[in-house]
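Everything numeric here is computed off the predicted structure, so don't read it as measured data.
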Amino acid sequence: MEIFAHRGSSGTHPENTLPAFMEAAALPVHGVELDVHLSKDGELVVIHDEKVNRTTNGKAYVKDLSLAELKQLDAGSWKAGEWAGTAIPTLAEVFNVFKDTPHVLNVELKTDIFPYSGAVEKVVRLAARHGMEDRLIISSFNHPDVKLAVHSHHVAGAILASNILVDMSAYAETVGTKRLHLSLPYALRHGAELIEKGCEIYVYTVNRLDYAEQLQQIGASGIFTDYPQRMLEEL
Ligand code: G3P
Ligand code: MG
């Protein structure tokens with residue numbers, strides 16, 4: 001079962017920052033997951049929430065700040081004093097961390113609340129510029145964007161889902177992927193039947209060994225964890 005560092009090594013480092021990604025890049029995990037929004041001036045930036053409030057010392061929507069303004073914010077102190085002054089990274093900066101590693105890069109496009117027009121194209125173009133399109137997976141709760149990535153840009157796409165659908169495997173075919181990134185409760189309840197129907201199941205967010213073992217037993221393809229090193233050692 002593949003292990004992905006969720007938002008980098010986010011249990012031990014400030015999520016979605018270069019220290020968290022450098023930690024993940026030094027581990028023999030399969031890949032890393034990260035969250036992408038667009039700044040006011042259209043730059044791809046790596047942060048989880050629509051607002052900067054929770055993980056920085058600022059108060060605003062990401063979409064309302066320019067990259068220069070976002071770069072002024074401290075995205076480390078909220079986690080612990082030792083990370084003070086850590087900046088919000090651009091996606092290009094994160095790609096650079098992994099340029100000489102074998103890790104798979106799962107870019108979660110946060111286009112489900114704000115549409116961030118053109119975000120899919122920008123991510124694919126940037127990955128191509130870094131020679132990383134073959135180890136890129138674009139996932140999103142915005143499934144038309146997943147379909148766009150798969151059909152128009154020929155990159156791997158994954159359906160993110162926490163709502164339990166009537167016939168997810170048939171739905172996945174309409175999007176054009178077998179790859180499902182499911183919440184832990186969804187996967188524990190319905191993962192086995194979806195795998196039987198030919199889907200590949202990746203599960204977020206799995207920080208407990210007993211859940212990881214259950215998922216491994218039913219044939220899950222991978223997990224996203226905030227503690228990649230611990231999970232590597234224990235699993
Ligand atoms: O991509 C898996 C997981 O990260 C989806 O939820 O809210 O942690 O981005 P969230
Ligand atoms: Mg995510």
Side-chain angles (χ1 to χ4, degrees), residues 1-16 20-21 23-36 48-49 54 79 98 101-110 112 135-143 146 149-150 156-235:
M1 189 166 67
E2 296 169 2
I3 294 177
F4 282 76
H6 183 241
R7 312 180 192 174
S9 182
S10 61
T12 53
H13 295 66
E15 66 179 55
N16 284 320
F21 293 121
E23 176 73 10
L27 297 172
V29 287
H30 188 77
V32 64
E33 187 264 3
L34 55 97
D35 306 289
V36 163
H48 180 271
D49 301 356
R54 177 178 63 89
K79 183 80 174 174
F98 293 95
T101 79
H103 296 86
V104 167
L105 298 159
N106 175 201
V107 173
E108 182 188 345
L109 275 182
K110 288 289 189 190
D112 49 315
R135 52 186 175 117
L136 172 70
I137 295 157
I138 290 186
S139 63
S140 187
F141 287 102
N142 177 334
H143 301 166
V146 176
V150 171
I159 293 170
L160 263 165
S162 57
N163 291 348
I164 297 173
L165 303 194
V166 172
D167 192 349
M168 175 56 106
S169 60
Y171 175 73
E173 275 183 40
T174 70
V175 178
T177 181
K178 290 178 182 318
R179 187 176 176 121
L180 308 177
H181 291 188
L182 302 180
S183 65
L184 180 59
Y186 193 163
L188 290 175
R189 283 166 63 184
H190 296 286
E193 73 200 49
L194 288 168
I195 291 165
E196 205 159 296
K197 287 179 175 167
C199 295
E200 295 164 7
I201 302 298
Y202 293 79
V203 186
Y204 66 89
T205 304
V206 184
N207 292 333
R208 269 174 52 175
L209 181 63
D210 55 342
Y211 287 142
E213 286 172 341
Q214 271 186 62
L215 292 165
Q216 198 163 35
Q217 267 165 23
I218 65 165
S221 299
I223 55 168
F224 301 93
T225 181
D226 298 331
Y227 297 92
Q229 178 165 22
R230 200 187 70 202
M231 203 51 95
L232 265 176
E233 286 163 6
E234 291 180 352
L235 198 61

Testing the basics here: between [X] and [Y], what is the closest heavy-atom pair and its distance to 0.1 Å?
{"X": "Ser10", "Y": "Lys79", "value": "O-NZ, 3.0 Å"}
{"X": "Leu180", "Y": "Ala172", "value": "CD2-CB, 3.9 Å"}
{"X": "Arg135", "Y": "Pro102", "value": "NH1-C, 3.9 Å"}
{"X": "Asn106", "Y": "Ser139", "value": "ND2-OG, 3.1 Å"}
{"X": "Ile201", "Y": "Ala187", "value": "CG2-CB, 4.3 Å"}
{"X": "Leu232", "Y": "Pro28", "value": "CD1-CD, 3.7 Å"}

Given Val203 and Tyr211, is the side chain to side chain contact (heavy atoms under 4.5 Å, CB included) satisfied, shown in steps? CA-CA 10 Å; Val203 186; Tyr211 287 142; over 6 Å; no
Hey, could you give me the [atom1]/[atom2] distance between [X] and [Y], rounded to the nearest 0.5 Å?
{"X": "Glu108", "Y": "Ser140", "atom1": "CD", "atom2": "OG", "result": "6.5 Å"}
{"X": "Leu215", "Y": "Glu213", "atom1": "CG", "atom2": "CD", "result": "10.5 Å"}
{"X": "Arg179", "Y": "Leu160", "atom1": "CZ", "atom2": "CG", "result": "10.0 Å"}
{"X": "His103", "Y": "Leu27", "atom1": "NE2", "atom2": "CG", "result": "6.5 Å"}

Tell me if a side-chain donor or acceptor on Arg230 pairs with a main-chain N or O of Leu209 at a distance below 3.5 Å. no
For Glu2, does the CD atom sit with more than 12 other heavy atoms under 6.0 Å from it, leaving out its own atoms?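 Buried by this count: over 12 neighbours within 6.0 Å.
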Please say whether more than 12 non-hydrogen atoms of neighbouring residues, nucleotides or ligands are located less than 6.0 Å from CZ in Phe141.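 For Phe141, atom CZ is crowded (more than 12 foreign heavy atoms under 6.0 Å).
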Compare all side-chain heavy atoms of [X] with those of [Y] and state whether any distance is below 4.5 angstrom.
{"X": "Tyr186", "Y": "Leu194", "result": "yes"}
{"X": "Lys197", "Y": "Asp167", "result": "yes"}
{"X": "His48", "Y": "Arg7", "result": "yes"}
{"X": "Ser183", "Y": "Tyr204", "result": "yes"}
{"X": "Ile223", "Y": "Met231", "result": "yes"}
{"X": "Leu105", "Y": "Val32", "result": "yes"}
{"X": "Leu109", "Y": "Asn142", "result": "no"}
{"X": "Tyr171", "Y": "His143", "result": "yes"}

Step-by-step side chain to side chain contact (heavy atoms under 4.5 Å, CB included) determination, Gln229 to Thr12: CA-CA 10 Å; Gln229 178 165 22; Thr12 53; over 6 Å; no
Apply the test side chain to side chain contact (heavy atoms under 4.5 Å, CB included) to residues Leu34 and Val107: give CA-CA distance (whole Å), side-chain angles for both, the deciding distance (0.1 Å), then the verdict. CA-CA 5 Å; Leu34 55 97; Val107 173; 4.0 Å; yes
Could you go through Ile3 and His30, starting from their C-alpha distance and side-chain angles, then the distance that decides it, and tell me whether this counts as side chain to side chain contact (heavy atoms under 4.5 Å, CB included)? CA-CA 5 Å; Ile3 294 177; His30 188 77; 5.7 Å; no
In terms of the angle between their ring planes, are Phe4 and Tyr202 parallel, tilted or perpendicular, with boundaries placed at 30° and 60°?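 Aromatic pair Phe4/Tyr202 classed perpendicular.
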